[in-house]
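Okay, structure first, notes after.
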Amino acid sequence: MEPIRWRVEEFASIDSTNTWLAARAAAGEPEGLVARADFQTAGRGRLDRRWESPSSSSLLSSILLRPKVLDSERYLVSVAVSLAARAALVRLSGVRPMLKWPNDLVVGHAKLGGLLAEAVKSPDVDLAVVVGIGINLTWSGPNGDASTCIKDIAGVTLQPRAVLDLLLEELENRLAALYQSRGDELRDELRGALSTLGQHVHVEGPTQSIDGVALDIDERGRLQVQTSREVVSIDVGDITHLRVVEGQSP
Ligand code: BT5
């Protein structure tokens, strides 16, 4: 695989790095464009949720990829970004966050960061995926004990750009693995990083609500949940409609 040529555009303030990058993707921008902002006036989470962060307290970034993978493996693109972020944080701070299915970086039960992946279709070019990531570095988030930051955990102040540069380096390796080995390596790394596995989960969706124990993810990234009656697959395609609440290990 040709190395990706990363091109980082930095902003003191922007509405949302995902919104900006999605517009560039729709206009045909090649993969590798990355946006990073000190502040977002309209930072977005999934659905209509907001992503909040005082200026210069977090990594707020979005990455444009045009992955040549099967539709069923597209979820591995944001998995690759989460795992790359995790590896970068370990190297810079010693903090090893876990991943909470489908899109959170957590330390214990506290949210350290989140991902927002959006597909952008435009004529005559490969499908684009914009993966946005927010990681709290020096501000512990809006939700008391339910959110946290690297400074509170490890006592170190990381620079957002340094985290981003290392994240992109780690991402390159994982994308190469994804393109070469059809995702097996990434799925294995994901299994080792998912705090959700082995936990009691309560999954709320638009039409159903499920309680059970998270057993595994399958090859399409679906969470396998053992309920009292059967094993239910929670589709990663529905992630924007689902909330997973983790409980105690069984
Ligand atoms: C996410 O959504 O976790 C995805 C967050 C993605 C943010 C990045 S920043 C760069 C890029 N540009 C954007 O506009 N977005 C991306 P979700 O799972 O829906 O979680 C949102 C919920 O997390 C909110 O409703 C709050 O409860 C909580 N929250 C908001 N800000 C937070 C923060 N800084 N730390 C921890 N939790 C936060």
Side-chain angles (χ1 to χ4, degrees), residues 8-25 33-65 75 77-79 81-82 84-86 88-89 95 97-120 128-153 158 160-161 163-164 167-168 171 195-196 201 203-206 223 234 236 238-246:
V8 180
E9 294 247 5
E10 302 197 277
F11 302 87
S13 177
I14 197 170
D15 52 355
S16 151
T17 55
N18 259 46
T19 304
W20 182 84
L21 200 56
R24 296 291 297 264
L33 187 62
V34 178
R36 190 195 70 75
D38 288 333
F39 184 67
Q40 296 183 125
T41 55
R44 294 190 284 119
R46 296 176 301 145
L47 297 172
D48 290 328
R49 292 178 210 137
R50 288 185 60 80
W51 188 256
E52 296 169 44
S53 174
S55 187
S56 303
S57 66
S58 312
L59 174 64
L60 302 170
S61 199
S62 300
I63 301 167
L64 170 58
L65 296 167
Y75 76 96
V77 174
S78 50
V79 165
V81 174
S82 306
R86 182 179 195 243
L89 291 172
V95 175
M98 299 296 280
L99 309 189
K100 179 180 157 191
W101 191 91
N103 75 321
D104 288 354
L105 288 165
V106 295
V107 174
H109 287 293
K111 183 156 169 164
L112 176 71
L115 265 80
L116 176 65
E118 297 178 300
V120 181
V129 179
V130 171
V131 186
I133 183 162
I135 303 175
N136 300 327
L137 300 178
T138 57
W139 179 65
S140 60
N143 292 336
D145 287 349
S147 53
T148 190
C149 68
I150 292 291
K151 183 142 191 241
D152 282 5
I153 303 162
L158 299 183
R161 180 62 195 253
V163 178
L164 177 61
L167 188 161
L168 294 174
L171 180 58
S195 64
T196 314
V201 292
V203 184
E204 277 174 29
L223 192 66
I234 313 290
V236 78
D238 292 337
I239 58 171
T240 51
H241 307 295
L242 295 171
R243 253 183 193 280
V244 176
V245 182
E246 293 177 0

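Just so you know, ligand 1 is whichever comes first in the structure, and atom 1 is the first atom listed for that ligand. No hydrogens, no waters, no symmetry mates; every other heavy atom, side chains included, goes into these values. Just so it is clear, the structure is predicted and the values come from calculations on it, not from any experiment.
- Contact check for L60 versus I14: no side-chain heavy atoms found under the 4.5 Å cut-off.
- Near S62, meaning under 4.0 Å from one of its heavy atoms, ligand 1 places the atoms 11 (C).
- In terms of N/O distances under 3.5 Å, ligand 1 is approached by R44.
- Taking only non-hydrogen atoms, the option from R46, K111, Q40 nearest to atom 23 (O) of ligand 1 is K111.
- Within ligand 1, the atoms closer than 4.0 Å to a non-hydrogen atom of G43 are 14 (O), numbered from 1 in the order shown.
- Evaluated by nearest non-hydrogen atom to atom 37 (N) of ligand 1, the leading choice among S16, G141, A146, P142 is P142.
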| request: Kindly determine whether N103 and S82 satisfy side-chain contact (heavy atoms from CB on, under 4.5 Å), including the steps that lead there. | output: CA-CA 8 Å; N103 75 321; S82 306; over 6 Å; no
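- The atoms of ligand 1 that sit less than 4.0 Å from any heavy atom of R50 are 24 (C), 30 (C).
- In this structure, the side chains of S147 and E52 stay at 4.5 Å or more apart for every pair of heavy atoms.
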| Does the side-chain contact (heavy atoms from CB on, under 4.5 Å) test come out yes or no for V163 and I150, once each step is laid out? | CA-CA 11 Å; V163 178; I150 292 291; over 6 Å; no
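- Heavy-atom contacts of S147 reach the following atoms of ligand 1: 36 (C) (cutoff under 4.0 Å).
- The closest side-chain heavy-atom distance from F39 to S13 is below 4.5 Å.
- T17 and Q40 share a donor-acceptor pair across their side chains, judged by distance under 3.5 Å alone.
- At a heavy-atom cutoff of 4.0 Å, ligand 1 is contacted by no atom of T19, backbone or side chain.
- Not a single donor-acceptor pair under 3.5 Å links the side chain of S57 to the backbone N or O of W139.
- A salt bridge between D38 and R36 is present, with a side-chain N of the basic residue lying under 4.0 Å from a carboxylate O of the acidic one.
- Per-residue contacts place N136 under 4.0 angstrom from the following atoms of ligand 1 (heavy atoms of the residue considered): 33 (C), 34 (N), 35 (N), 36 (C).
- Residue-level proximity to ligand 1 for I133 is carried by the backbone, the only part with a heavy atom below 4.0 angstrom.
- Residue A37 does not touch ligand 1, judged by heavy-atom distances below 4.0 Å.
- Heavy-atom contacts of W139 reach the following atoms of ligand 1: 34 (N) (cutoff under 4.0 Å).
- Residues N143 and K111 have side chains not in contact (no heavy-atom distance under 4.5 Å, counting atoms from C-beta outward).
- Side-chain contact between I135 and L158: absent, with no pair of heavy atoms (C-beta onward) separated by less than 4.5 Å.
- Less than 4.0 angstrom separates some heavy atom of G45 from each of these atoms of ligand 1: 2 (O), 4 (C), 19 (O).
- Contact annotation: for S53 versus ligand 1, there are no heavy atoms closer than 4.0 Å.
- The atoms of ligand 1 that sit less than 4.0 Å from any heavy atom of R49 are 17 (P), 18 (O), 19 (O), 21 (C), 25 (O).
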